[in-house]
Amino acid sequence: MSLSFLPDSVKVAVGHLNYNRLSEIRLRRGQPVIVEYDGKYEYLGNIGIVSSENDSIRVSDVTSVLNAATGGCVYGFTEQMKNGFITVKHGVRIGIAGEYVTEKGVVNTIKNVTSLNIRIPHDIKGCSEYLFKSVFANGIKSTLIFSRPGLGKTTMLRDVARKLSGTMNVLIFDERGEIAALDDYGDGFDLGAVDVVRCYSKLGAIASAIRAMKPDVIITDELYGADDVRAVQYAADCSITVIASSHVSDKEKLKKMPFEYFVKLKNLGATPEIYDKNFNSYCNRGVDDDAGRVSFGG
């Protein structure tokens, strides 16, 4: 994982941490650098975690960090910035705070950047084991994984894709470049024999991709809004199983989506809660509870 765009002081400090336990680096102009480590927010000092704000590193210029992350070409990420974040190499997502410039009620760009939230992706083999032993025990079912940000939804989707690869045709809709995180050379997370479509709109690309690649399963992330639901419904109408994720947690809204099962990630390391399409609790006796442990968010 390359975090070469970070200021030198932050890179050195992060080098003292266990990368597998690191999920966020928050840079606020002129303020202490804070990391999410083991699920807790901590100050970052020169040699790692420190208890005092006075011992923490501070970054005076976050705009230069953003420029470095985009290879000096921020304008090439204009479309992504309209969503408040960009995704750079290796699936690293950078949330951006500053002055949101709107046009006709829609964010057009962000200027005068004041804060960056750098989210670190992880690849944890086996984290979807509980899902396979319970929901998928008798075959793959359309499933939505949901939770608040940072609890491992995308990490679990990666593992699902890897487990299914080679057994059926898996198509990944990587709208934000985070699941497979392919670069311009096609290098990213090793998910096995899968097909990856990178696009800015699931609804706009799904019909063409289905015709072109004839998938058995579609895996995609962060469903939100009517267009995303219509895209999933189109796939379901074509008898294609969809496994996806969402930040939506309202059960009434979730029930309107075309999924057979819903999986709620609660806390890091906790066994997921599983519901059927009517949001009745789904229990599969005999499943080893330890198989449900998700060791890290992403």
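Applying the 6.0 Å contact sphere to NZ of K214 captures no more than 12 heavy atoms from other residues, nucleotides or ligands. Heavy atoms of other residues, nucleotides or ligands lying less than 6.0 angstrom from CG of N83 number more than 12. Environment of OH in Y224: sparse, with no more than 12 heavy atoms of neighbouring residues, nucleotides or ligands closer than 6.0 Å. No more than 12 heavy-atom neighbours from other residues, nucleotides or ligands sit within 6.0 angstrom of NZ on K253. For D276, the CG atom sits in a packed shell: over 12 heavy atoms of surrounding residues, nucleotides or ligands are nearer than 6.0 Å. Other residues, nucleotides and ligands contribute only 12 or fewer heavy atoms inside 6.0 Å of the CZ atom of R148.
In this structure a side-chain-to-backbone donor-acceptor pair under 3.5 Å is missing from R28 to V59. Between the R29 side chain and the S60 main chain, no donor and acceptor come within less than 3.5 Å of each other. Formation of a donor-acceptor pair under 3.5 Å by the D55 side chain with backbone atoms of V50 is not found in this model. Looking at D174, its side chain does come within 3.5 Å of a backbone N or O of A181 through a donor-acceptor pair. Looking at T102, its side chain never comes within 3.5 Å of a backbone N or O of G105 through a donor-acceptor pair. Side chain of N280 to backbone of Y282: no donor-acceptor contact under 3.5 angstrom is found. In this structure a side-chain-to-backbone donor-acceptor pair under 3.5 Å is present from Y37 to N18. Remark: the backbone N or O of C127 is paired with a side-chain donor or acceptor of D159 at under 3.5 angstrom. Counting only distance, with no hydrogens or angles, the side chain of K202 and the backbone of D221 share a donor-acceptor pair below 3.5 Å.
Salt bridge K163/E129: present, at least one basic N to carboxylate O contact under 4.0 Å. Classification of R21 and D38 as a salt-bridged pair holds, one side-chain N sitting under 4.0 Å from a carboxylate O. A salt bridge links R93 to E222: one of the charged nitrogens lies within less than 4.0 Å of a carboxylate oxygen. Remark: K277 does not engage E260 in a salt bridge, criterion side-chain N to carboxylate O under 4.0 Å. Taking 4.0 Å as the cut-off between side-chain N and carboxylate O, R162 and D123 count as a salt-bridged pair.
Residues K251 and K264 have side chains not in contact (no heavy-atom distance under 4.5 Å, counting atoms from C-beta outward). With contacts defined as side-chain heavy-atom distances shorter than 4.5 Å, the pair V160/L164 qualifies. For the pair F173 and I218, the minimum side-chain heavy-atom distance is below 4.5 Å. Side-chain contact between L157 and T155 is absent, with no heavy-atom pair separated by less than 4.5 Å. Within the 4.5 Å cutoff, side-chain heavy atoms of P121 are placed close to those of V92. At a threshold of 4.5 Å between non-hydrogen side-chain atoms, the residues V170 and P215 do not count as touching.
Once rounded to the nearest 0.5 Å, the distance linking CG of L3 with NZ of K11 reads 9.0 Å. In this structure, CG on D228 lies 7.5 Å from OG on S201, to the nearest 0.5 angstrom. Of the inter-residue distances, the one linking M213 atom CE with I172 atom CD1 reads 11.5 Å to the nearest 0.5 angstrom.
Checked against the 6.0 Å centroid criterion, the rings of Y275 and Y261 do not qualify as a close aromatic pair. Between H122 and Y19, the distance from one ring center to the other falls under 6.0 angstrom.
The cationic group of K141 does not satisfy the cation-pi geometry with F136, failing either the under 6.0 Å distance to the six-membered ring centre or the 45° limit from the ring axis.
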Yes or no on side chain to side chain contact (heavy atoms under 4.5 Å, CB included) for K153 and M156, after CA distance, side-chain angles and deciding distance?
-> CA-CA 5 Å; K153 295 183 298 297; M156 187 169 288; 6.0 Å; no
Please step through side chain to side chain contact (heavy atoms under 4.5 Å, CB included) for the pair L254 and F279, ending with a clear verdict.
-> CA-CA 9 Å; L254 291 172; F279 258 88; 3.6 Å; yes
Working for side chain to side chain contact (heavy atoms under 4.5 Å, CB included), residues L203 and Y234 = CA-CA 9 Å; L203 183 61; Y234 181 89; 5.7 Å; no
Which is it for I96 and I86 under the side chain to side chain contact (heavy atoms under 4.5 Å, CB included) test, yes or no, and what are the steps along the way?
-> CA-CA 8 Å; I96 306 168; I86 63 173; 4.2 Å; yes
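Side chains of N67 and S64: no donor on one and acceptor on the other come within 3.5 Å. Remark: the Y41 side chain and the E24 side chain contain an N/O donor-acceptor pair separated by less than 3.5 Å.
Summarising the geometry of V217 relative to M168, their closest heavy-atom pair is CG2-SD, 3.2 Å, with the distance given to 0.1 Å.
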